[in-house]
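Have a look at the structure below before the remarks.
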Number of protein chains: 2
Amino acid sequence: MNPGRPREFNTEQALEAAMQQFWLAGYEATSLQDLLDVMNLSKSSLYHAYGSKHELFLRSIDCYQQTSANELQQSLDNSLTSKAFMKRLLEDVISEATSKKKKGCLLVNTANELSHRDKAVSKAVLNGIDNVANVIKQAIKRGKKEAAIKSTVSTDTLVNYIVSNVSGLRTMVKSGVDKTELTPLVNMIMKTVY
Amino acid sequence: MNPGRPREFNTEQALEAAMQQFWLAGYEATSLQDLLDVMNLSKSSLYHAYGSKHELFLRSIDCYQQTSANELQQSLDNSLTSKAFMKRLLEDVISEATSKKKKGCLLVNTANELSHRDKAVSKAVLNGIDNVANVIKQAIKRGKKEAAIKSTVSTDTLVNYIVSNVSGLRTMVKSGVDKTELTPLVNMIMKTVY
DNA sequence: ACTATTGTGGACTCAACGGTCCTTATTTTC
DNA sequence: GAAAATAAGGACCGTTGAGTCCACAATAGT
């Protein structure tokens, strides 16, 4: 029923490699050759397994989004307080300012590069943002329950506030703004919520 | 001393057209042919006048940045209060959410697309952001003088806060987030400063 | 009018792109 | 072990990318 030569590569592992490449360079700037190199497979294998560069990209977004949301969830579960979680989140974002490779966030990058002219991509990004936002929503709810958040602003707006600020910080990091300027900014954002 | 055939096109006008194209589609996604079409000139004329696609892009960024900063300055000069100016600024950003073409801001777009792998571009973007930020700095200073801003946070941090939030809002607009979600966000941002 | 100088149009180059397809290899089922 | 099925390698394809070059056009100074 399902005979035939078995795959010589792990589809999940190869997808992960593709995702890393797209994350690093974006969609347009990543050539098929780049993908073949990092995924370590031949052109026909790639097309056989994933269909096209575009489909592979969509799957990469999904892969990123899932692991991202999972890591965030784990971080939240391991945090003592909502506030501690949020501080860690923001500081992780600006910590990239001192590193050489500023990959940012694949979802933010993609939103800026493609969302406005690729329906399928836009949908995948929005879905990813939604998943990530859900973890943040939990954190906000927890913060309200812990009475750490005194703000009367609605939970949803606070979530959007965090998402917006994370995106903004990411853009500034990518632009090359120095970390010393970003730290007071993080403090200010924290104070407006907690 | 300076004989020869005169140019049949206006270099500033053509540059403006190129800038609009880059603004709409980004650097990579704009082909030379696209540029020739919107600028209405032949390939040799373009290379003669601007050198290369890359140089033309750098000049486009500069063109954008100048007109942008000027418009912002004008808006500030025409505003009754610092607060009114800032509210207009933020609302202008999210007003794009209801329009079809979501061009965003060329500086933010470029920061996300190219800044991390193109030194010259990164420099041009940072310079542009700086010019725009300077207008915002004036607005913040004015807000402090008018005593509309009670925050003890330093002017520079407040400026970065606005820049970061504008970038964040722009990304959300581009992602396709609905305007009804963005309006409360703008209100919240305003309240954290004024 | 002639020359020097600059602008313009378009044919051309060459490399890279995403994608297809055909041959060959490897496995399972019967 | 033959047949069916799937994987892999790589030659191949048409298109498009940015950029070059050359012949021709238009101007200013002499």
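Lettering of chains follows the sequences in order, A, B, ..., and the numbering in each one begins at 1. For clarity, every value in this text was computed on a predicted model and none was experimentally measured.
For the pair B:L41 CG and D:dG19 C1', the interatomic distance rounds to 15 Å; values are reported in whole Å. One interatomic measurement links the two molecules: NE2 of B:H48 to P of D:dC22, which rounds to 15 Å at whole-angstrom precision. Separating the CG atom of A:L36 from the C1' atom of D:dA7 is a distance of 15 Å, rounded to the nearest angstrom. Following rounding to the nearest Å, B:L35 (CG) and D:dT16 (P) show an atom-to-atom distance of 17 Å. Rounded to an integer number of Å, the gap from CG of B:L46 to P of C:dG9 is 12 Å. The distance from atom CD of B:E8 to atom P of D:dA26 is 8 Å, rounded to the nearest whole Å. Rounded to whole Å, atom C1' of C:dG7 lies 16 Å from atom CG of B:N40.
Look at A:S42 and you won't find any side-chain N or O under 4.0 angstrom from OP1 or OP2 of D:dA8.
Under the ring-ring contact (aromatic ring centres under 6.0 Å, His included) criterion, A:F57 pairs with A:F22, A:Y27, sequence neighbours left out. Legend: residues meeting side-chain hydrogen bond (donor to acceptor under 3.5 Å, both in side chains) with B:E91, ordered by chain and number and at least two apart, are absent. The side-chain hydrogen bond (donor to acceptor under 3.5 Å, both in side chains) test applied to B:Q13 returns no partner, not counting sequence neighbours.
Between the side chains of A:D62 and A:Q65, a donor-acceptor pair is found at a separation under 3.5 Å. Between the side chains of B:S82 and B:Y194, at least one donor N or O lies within less than 3.5 Å of an accepting N or O.
Salt bridge status for B:E55 with B:R59: absent, with no side-chain N to carboxylate O gap under 4.0 Å.
Pairs engaging residues 103-122 of chain A under the salt bridge (Lys or Arg N to Asp or Glu O under 4.0 Å) rule: A:E28-A:R117 [sequence neighbours left out].
Near DNA chain D, meaning a heavy atom under 4.0 Å from it, residues 11-22 of chain B has no residue at all.
Listed for the A:T183 side chain is a donor-acceptor partner under 3.5 Å among the backbone atoms of A:K179. Within the 3.5 Å criterion, the main-chain N or O of B:L106 finds a donor-acceptor partner in the side chain of B:T110.
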Protein-nucleotides 17-19 of chain C N/O pairs closer than 3.5 Å?
from: C:dC17; atom 1: OP1; to: A:S31; atom 2: OG; distance (Å): 3.4
from: C:dG18; atom 1: OP1; to: A:T30; atom 2: O; distance (Å): 3.4
from: C:dG18; atom 1: OP1; to: A:L32; atom 2: N; distance (Å): 3.2
from: C:dG18; atom 1: OP1; to: A:K53; atom 2: NZ; distance (Å): 3.0
from: C:dG18; atom 1: OP2; to: A:L32; atom 2: N; distance (Å): 2.6
from: C:dG19; atom 1: OP2; to: A:Y47; atom 2: OH; distance (Å): 2.7
from: C:dG19; atom 1: OP2; to: A:K53; atom 2: N; distance (Å): 3.2
from: C:dG19; atom 1: O5'; to: A:Y47; atom 2: OH; distance (Å): 3.2
from: C:dG19; atom 1: N7; to: A:K43; atom 2: NZ; distance (Å): 3.3
from: C:dG19; atom 1: O6; to: A:K43; atom 2: NZ; distance (Å): 2.4

